A.B. asks: 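Dropping a structure here in structure tokens format, bear with me for questions.
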Amino acid sequence: MNPWLLLLLPLHVLASKGHLKGVSPELAARYVPTKKGSAETWQCLDGSKSIDWTAVNDDYCDCPDGSDEPGTGACPNSSFYCVNEGHIGSLIPSSRVGDGLCEPECCDGSDEAPGVCPNVCKEVGEAYRERVKAEEKLRKTGSKIRSTYVAFAQKEKKRLEDEIAQTEQEIATREKEVARLRDLVERTESLSAAALEERKQSPLYQSLMTHVTALKSLQREHMEHLEREKALGDILDNLRTGYNPNYQDMAVLEAVRGWEQLAGLPHINDVGKDGENENEEELGSDDVTTEEEEEAVEEGMWTAMQLEHQLDDLLNTDYEALLVEHDKHVGAPASPTSILFNLSAYLPDALIPQYEAIRDQVVAVLEMLGLAKGVSDRAADTSKQQKALNDAEHSLRLTKKEKEDAEKELARLFDPEWYGAQGEWKKLHGTCIDKEVGDYIYEVCLFDEARQKPVKGGSTFSLGRFASWNNAPGVEKGSPAYYSKQYYKNGAKCWNGPHRSVTLDMSCGLENAVLSVGEPEKCEYAFKVTSPALCLPLNVSGVKREEL
């Protein structure tokens with residue numbers, strides 16, 4: 001057969017000779033005729049009917065599902081496959097086949113008659129591959145930065161766990177201290193001022209106060225001696241560095257040598273000699289250490305460091321509180337009026353107000369009769385203990401709050417709705433990025449707040465606080481699409497408009513940066529943002545590639 005005669009053959013006859021036009025590779029195996037004697041038939045893909053094989057791609061729609069016309073535009077609900085050799089194949093609606101328009105998805109022009117659209121797949125394919133290569137390079141570099149974010153999250157997990165364990169121990173300690181102080185306050189409230197003064201006359205308390213006075217006196221004398229020792233050391237240092245050894249003044253030389261030995265210093269004439277000075281200083285240091293080890297204090301006695309840093313705390317001890325606690329320890333009997341103040345612990349809450357009113361009346365009568373002196377001064381006696389209790393309770397509340405915050409942050413660390421399954425976003429919490437556009441600077445602090453700040457000064461407006469990731473219907477939590485958007489809502493209200501809000505359209509990039517800012521709707525802003533946290537490794541599946 002002559003080649004020119006092929007132009008006279010119907011389209012379906014040509015299709016039967018090779019790949020059927022418009023059929024995707026996935027469906028090619030189903031476009032094979034079935035022989036019945038000398039006739040060839042074909043069944044519609046939905047199985048609804050059988051037609052002659054010659055009716056496939058004859059520009060007439062025979063099958064209800066339109067599957068008999070993959071290469072023509074006869075059936076409106078079918079698709080046409082562009083082979084796009086040299087690039088990537090793609091599907092277009094059959095309604096766009098033979099419409100005289102060159103579709104960009106069909107770079108080979110196969111959707112139109114020969115000669116209508118040029119085959120540009122080689123050029124398009126090369127440009128596409130260059131773009132994919134650049135994107136893969138970007139992802140490869142960005143994923144390395146992202147891995148540091150993941151490593152940070154693991155360190156943060158360890159830090160938070162340690163912090164929680166530490167605060168648990170602090171809470172247990174502080175709870176014991178609060179219980180101790182509360183018991184002390186209650187016992188002090190039940191003890192009259194006269195009874196307290198009577199206990200202060202005990203030989204034990206009086207001896208304790210004498211020791212306290214002696215300690216304060218010794219501390220004062222110790223500080224004076226330290227000051228004199230420092231002044232004397234400065235004088236000897238000046239003598240050591242300023243005397244002239246050529247005069248052979250043996251008294252001065254003996255004083256200098258004695259000071260160098262006592263202070264563990266090298267001889268002044270040897271200072272500056274190569275290597276010798278360092279060796280002698282190390283030797284002098286070893287001598288001082290040896291002497292200190294030889295002068296180790298006896299067990300239970302305080303070291304010089306303790307005397308310098310802990311003596312003040314010891315002298316500031318609340319000795320009256322210790323006296324009350326001592327009564328509890330030795331089981332001292334309660335004062336005559338203590339039953340009146342301890343009874344409330346055994347009464348129902350509903351009866352306490354009436355009890356306290358009666359108690360106050362009885363106490364007033366006892367004071368008038370001289371049977372309970374100074375009961376009215378009890379508040380003054382307990383003020384110091386009550387303040388200590390209040391401070392301890394406040395510290396306990398703060399420690400519990402720290403523990404709650406750490407537990408909340410730990411729970412969010414690997415939560416897909418917060419910092420991602422690998423915690424890759426934790427490092428960026430609070431990171432602020434901005435873009436100057438016109439008269440304003442648009443700033444967003446990730447997971448916090450977005451703002452609009454005038455360049456030339458003026459009021460800053462909140463554009464919203466972090467609300468969620470991409471929660472559009474059909475978007476799976478934790479997927480790449482889920483982290484492609486962030487929403488910031490409930491910002492400052494616009495005049496005669498809605499509350500301001502921001503949508504971050506996020507993509508992979510080597511920097512955390514705002515590329516552009518737009519306002520598609522009134523007071524609804526759109527930021528295009530890049531971040532390495534979105535650069536998944538190349539071997540991670542589920543990342544949709546852009547195809548032409």
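Just so it is clear, the structure is predicted and the values come from calculations on it, not from any experiment.
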A.B. asks: Hey, are the side chains of E393 and R182 touching, using non-hydrogen atoms and a 4.5 Å cut-off?
C.D. replies: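 They are in contact (side-chain heavy atoms under 4.5 Å apart), so the answer is yes.
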A.B. asks: With rounding to the nearest 0.5 angstrom, report the CD to OG1 distance, E449 to T460.
C.D. replies: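 E449 atom CD to T460 atom OG1 measures 10.0 Å (nearest 0.5 Å).
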A.B. asks: Locate the shortest heavy-atom distance separating L428 from S531; write the atom from each residue and the value.
C.D. replies: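 Where L428 meets S531 most closely, the heavy atoms are CD1-OG, 3.5 Å.
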A.B. asks: Side chain of R146, backbone of A533: donor and acceptor closer than 3.5 Å?
C.D. replies: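 Confirmed, R146 side chain pairs with A533 backbone.
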A.B. asks: Just by distance, no angles: are the side chains of Q386 and N390 close enough, under 3.5 Å, to form a donor-acceptor pair?
C.D. replies: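 Their side chains do contain a donor-acceptor pair, which is all the 3.5 Å distance test asks for.
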A.B. asks: Going by an N to O cut-off under 4.0 Å, is there a salt bridge joining E135 and R139?
C.D. replies: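 No, this pair does not count.
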A.B. asks: Is there a side-chain contact between C508 and L138 (heavy atoms, below 4.5 Å)?
C.D. replies: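 The answer is yes; the side chains approach within 4.5 Å.
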A.B. asks: Answer yes if the side chains of R174 and T399 hold a donor-acceptor pair under 3.5 Å, and no otherwise.
C.D. replies: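 The answer is yes; a qualifying pair exists.
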A.B. asks: So among K408, K401, K403, which one has a salt bridge (Lys or Arg N to Asp or Glu O under 4.0 Å) with D405?
C.D. replies: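 The residue from K408, K401, K403 that satisfies salt bridge (Lys or Arg N to Asp or Glu O under 4.0 Å) with D405 turns out to be K401.
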A.B. asks: Decide salt bridge (Lys or Arg N to Asp or Glu O under 4.0 Å) for E161 and K157; before the verdict, give the C-alpha distance in whole Å, the side-chain angles of both, and the deciding distance to 0.1 Å.
C.D. replies: CA-CA 6 Å; E161 289 174 343; K157 176 176 180 290; 2.8 Å; yes
A.B. asks: For a quick check under 3.5 Å, do Q452 and Y442 share a side-chain donor-acceptor pair by atom type?
C.D. replies: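 Yes - a donor-acceptor pair under 3.5 Å links their side chains.
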A.B. asks: Could E177 and R180 be called an ion pair, given the rule that one side-chain N must be under 4.0 Å from one carboxylate O?
C.D. replies: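 A salt bridge is present here (some side-chain N lies under 4.0 Å from a carboxylate O).
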A.B. asks: Compare all side-chain heavy atoms of C445 with those of R451 and state whether any distance is below 4.5 angstrom.
C.D. replies: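 Yes. Closest side-chain heavy atoms under 4.5 Å.
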A.B. asks: Are side-chain heavy atoms of P480 and L536 found at a separation under 4.5 Å?
C.D. replies: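 Yes, at least one pair of side-chain atoms sits under 4.5 Å.
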A.B. asks: Cation-pi check for Y149 against K427: NZ or CZ below 6.0 Å from the six-membered ring centre and within 45 degrees of the axis, yes or no?
C.D. replies: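 Output no; distance or angle outside limits.
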A.B. asks: Tell me whether the count of non-hydrogen atoms from other residues, nucleotides or ligands lying under 6.0 Å of CD in E521 goes above 12.
C.D. replies: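 No, CD of E521 has 12 or fewer neighbouring heavy atoms, counting only those of other groups under 6.0 Å.
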A.B. asks: Kindly indicate, with the supporting measurements, whether the criterion ring-ring contact (aromatic ring centres under 6.0 Å, His included) is fulfilled by F466 and W418.
C.D. replies: CA-CA 10 Å; F466 174 71; W418 274 92; 5.7 Å; yes
A.B. asks: Indicate yes or no for a side-chain donor-acceptor contact from N470 to the backbone of A481 under 3.5 Å, with no hydrogens or angles considered.
C.D. replies: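 Present.
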A.B. asks: Is there a side-chain contact between K528 and S516 in this structure, where contact means two heavy atoms from C-beta onward sitting under 4.5 Å apart?
C.D. replies: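 The answer is yes, as the side chains (C-beta and beyond) meet within the 4.5 Å cut-off.
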A.B. asks: Has K477 got more than 12 heavy atoms of other residues, nucleotides or ligands less than 6.0 Å from its NZ?
C.D. replies: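 Incorrect, the count does not exceed 12.
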A.B. asks: Does E175 reach the side chain of E170, with side-chain heavy atoms less than 4.5 Å apart?
C.D. replies: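 E175 does not reach E170 side chain to side chain.
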A.B. asks: Can you name the one residue among L504, T503, D434 that meets side-chain contact (heavy atoms from CB on, under 4.5 Å) with F527?
C.D. replies: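 Answer to the side-chain contact (heavy atoms from CB on, under 4.5 Å) test with F527 among L504, T503, D434: L504.
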A.B. asks: Can you tell if the side chain of V444 reaches within under 4.5 Å of the side chain of V502, non-hydrogen atoms only?
C.D. replies: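 No - every pair of side-chain heavy atoms lies 4.5 Å or more apart.
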A.B. asks: Does E136 pair with K140 as a salt bridge, N-O distance under 4.0 Å?
C.D. replies: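 No.
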A.B. asks: Is it the case that K489 places NZ or CZ above or below the six-membered ring of Y487, under 6.0 angstrom from the centre and within 45 degrees of the axis?
C.D. replies: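 Because its charged atom sits under 6.0 Å from the ring centre and within 45° of the axis, K489 does stack over Y487.
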A.B. asks: Which heavy atom of N490 sits nearest a heavy atom of H499, and at what distance?
C.D. replies: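 Of all heavy-atom pairs spanning N490 and H499, the closest is CA-CB, 4.3 Å.
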A.B. asks: Hey, are T530 and E511 close enough side-chain-wise for a donor-acceptor pair under 3.5 Å?
C.D. replies: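 No, because no side-chain N or O of E511 sits under 3.5 Å from a partner of the opposite role on T530.
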A.B. asks: With K485, which of V529, D505, N471 fulfils side-chain contact (heavy atoms from CB on, under 4.5 Å)?
C.D. replies: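 Among the candidates, only D505 passes.
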A.B. asks: Within the 3.5 Å criterion, strictly below it, is a donor on E409 or Y419 matched to an acceptor on the partner's side chain?
C.D. replies: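 Looking only at side-chain atoms, Y419 and E409 do form a donor-acceptor pair, the distance falling under 3.5 Å.
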A.B. asks: If you draw a 6.0 Å radius around NZ in K522, do more than 12 non-hydrogen atoms from other residues or ligands fall strictly inside?
C.D. replies: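 Atom NZ in K522 is crowded, with more than 12 foreign heavy atoms closer than 6.0 Å.
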A.B. asks: For N512 and P532, which heavy atoms make the closest approach, and how far apart are they?
C.D. replies: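 Closest approach of N512 to P532, heavy atoms only: OD1-CD, 3.5 Å.
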A.B. asks: Is the Y482 ring parallel, tilted or perpendicular to the W469 ring (thresholds 30°, 60°)?
C.D. replies: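 Because their plane-to-plane angle lies in the 30° to 60° range, the rings of Y482 and W469 count as tilted.
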A.B. asks: Can you tell me if E519 has over 12 outside heavy atoms packed within less than 6.0 Å of its CD?
C.D. replies: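 Counting neighbours around CD of E519, more than 12 heavy atoms of other residues, nucleotides or ligands fall under 6.0 Å, so yes.
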A.B. asks: Do we get R465 above Y488's six-membered ring, with its NZ or CZ under 6.0 Å from the centre and within 45° of the axis?
C.D. replies: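 No.
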A.B. asks: Kindly give the heavy-atom pair with the smallest separation between A153 and G423, and that separation in Å.
C.D. replies: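 Heavy-atom minimum between the residues: CB-O, 3.3 Å.
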